[in-house]
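Accompanying notes for the structure given below.
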Amino acid sequence: MQHDSPDCGPILRRIRSQAPFVYGLTNYVAATLSANVLLAAGAAPAIGAAPGWPAAFGAHAGGLWVNAAGLINATAHDMLAAIDAANASEVPWVLDPVAMGAGVAEYDDIIRRMAARRPAVIRGNASEIMALAGGAATARGVETTASIAQAVPLGQVLAHRLGAIVAISGPEDHVLSPDGAQVIISGGHAWLTTVTGAGCALGGLIAAGLAVTPTPGERLTAVAAVHALYARAAEKAAGPARGPGSFATGFVDALAQLQGLAHD
């Protein structure tokens, strides 16, 4: 187990130098922040399910992320089309199982269908990861009621079963690989939990990190580094912020201002 803050410099420099095209299907609540986060980091995002986009953009993006709450404004067909196109073109993709386990069986079933298509990364809170792994449903809407300690064992099962990296967000972020490796990322700020779409935007930034990390064996390091980058930006934003509103603006500014050094 590695317990530290990975160097976020290399991943940020690669995103900025390569400006990867990242396609996302997310909900209208989170779309603006997700796009701004990706732009601030140096990626080139497109979001939404306009006619023809899911299959075309899923196939041609450098990375794809699918936020299950995007079912608010897209269809299951849209999401599965983007995923299938990405898989056919070997585009790595991220699944964010928002509100999995909140007690809506039809919704949960769609998420399981997406997960069965083998995402490169699954990112969620403790309750979502536990529910997707087959544990007891513990979510309250989109909020977790479970602890990281409860979620990690089931997250490891899920990672091994699907061959995916599983990232569990919380006071400390745990990034788990299918072979049992684990990286724990400290830092960040509690105000991230008060900004709508902050977790969803993290999924998009992970997709950008995958887009500039072509070797599957390096993905654990890349995903951990993206989490460290997110935490570092949150810490920088929290200093001058007066509350969640100014923090949210400052967070995007901080991402744009980071120069790619581990301790910028």
Side-chain angles (χ1 to χ4, degrees), residues 1-2 4-26 34-35 37-47 57-67 82-83 85-96 115 117-124 155 158-160 162-169 173-185 187 199-233 255 258-262 264:
M1 180 188 302
Q2 181 180 345
D4 59 13
S5 292
D7 185 354
C8 56
I11 197 74
L12 180 58
R13 287 192 291 273
R14 290 202 300 271
I15 292 171
R16 288 196 169 151
S17 65
Q18 297 180 34
F21 171 40
V22 182
Y23 178 47
L25 290 171
T26 190
S34 297
V37 161
L38 283 162
L39 288 167
I47 296 174
F57 289 177
H60 298 298
L64 166 72
W65 94 100
V66 177
N67 179 319
I83 290 167
N87 282 340
S89 297
E90 298 184 347
V91 173
W93 64 281
V94 180
L95 173 62
D96 191 337
R117 284 165 161 80
R118 300 279 178 153
V121 178
I122 301 169
R123 189 226 71 84
L158 185 64
H160 180 72
L162 296 181
I165 293 167
V166 173
I168 312 173
S169 297
D173 298 327
H174 288 236
V175 182
L176 317 172
S177 74
D179 64 4
Q182 179 178 172
V183 183
I184 302 174
I185 300 94
C200 306
L202 175 56
L205 195 57
I206 292 170
L210 294 178
V212 298
T213 308
T215 305
E218 298 177 353
R219 286 176 180 169
L220 177 67
T221 299
V223 174
V226 169
H227 281 76
L229 173 63
Y230 221 67
R232 182 66 182 126
L255 277 171
L258 285 172
Q259 297 302 309
L261 303 176
D264 191 291

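The basis for the numbers below is simple: all heavy atoms, side chains too, and nothing from hydrogens, waters or symmetry mates.
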ring-ring contact (aromatic ring centres under 6.0 Å, His included) filter on Y230, not counting sequence neighbours, yields F251

Closest heavy-atom contact between P45 and L39? CD-CD2, 3.5 Å

Hey, are the side chains of V94 and D96 touching, using non-hydrogen atoms and a 4.5 Å cut-off? no

Do the non-hydrogen side-chain atoms of T213 and R14 ever get within less than 4.5 Å of each other? yes

Spacing of W65 atom CH2 and T26 atom OG1 [to the nearest 0.5 Å]: 6.0 Å

Where the side chain of R118 meets the backbone of A164, is there a donor-acceptor pair that is under 3.5 Å apart? no

Value for CG (D173) from CG (L202), rounded to nearest 0.5 Å, stands at 7.0 Å

Closest heavy-atom pair and its distance - A159, P178: O-CB, 3.6 Å

Find the distance between CD1 (I122) and CG (L158) and round it off to the nearest 0.5 Å. 4.0 Å

If you define the side chain from C-beta out and look only at heavy atoms, does anything of H60 sit under 4.5 Å from S89? no

Shortest non-hydrogen pair, L210 vs A120, comes out as CD1-CB, 4.0 Å

Which is it for V183 and T221 under the side chain to side chain contact (heavy atoms under 4.5 Å, CB included) test, yes or no, and what are the steps along the way? CA-CA 8 Å; V183 183; T221 299; over 6 Å; no

Listed partners of A19 passing side chain to side chain contact (heavy atoms under 4.5 Å, CB included), at least two apart: none

May I ask you to test the H160-L176 pair for a side-chain heavy-atom distance under 4.5 Å? no

What are the two closest heavy atoms between L25 and A82, and how far apart are they? CD1-CB, 3.8 Å

Can you list everything that forms a side chain to side chain contact (heavy atoms under 4.5 Å, CB included) with A43? Sequence neighbours excluded, please. I15, P20, V22, L38, A208

If you round to the nearest 0.5 Å, how far is CG of L220 from CD of Q182? 9.5 Å

Who are the salt bridge (Lys or Arg N to Asp or Glu O under 4.0 Å) partners of R117, not counting sequence neighbours? D84

Listed by chain and number, what are the side-chain hydrogen bond (donor to acceptor under 3.5 Å, both in side chains) partners of S34, not counting sequence neighbours? none

With sequence neighbours excluded, residues passing side-chain hydrogen bond (donor to acceptor under 3.5 Å, both in side chains) with R219: none

Do you know which two heavy atoms are closest between L64 and A207, and how far apart they sit? O-CB, 3.7 Å

Could you give the distance from CG (L205) to NE2 (H227), rounded to the nearest 0.5 Å? 9.5 Å

Looking only at heavy atoms, which two atoms of A40 and R16 are closest? And how far apart? O-NH2, 3.4 Å

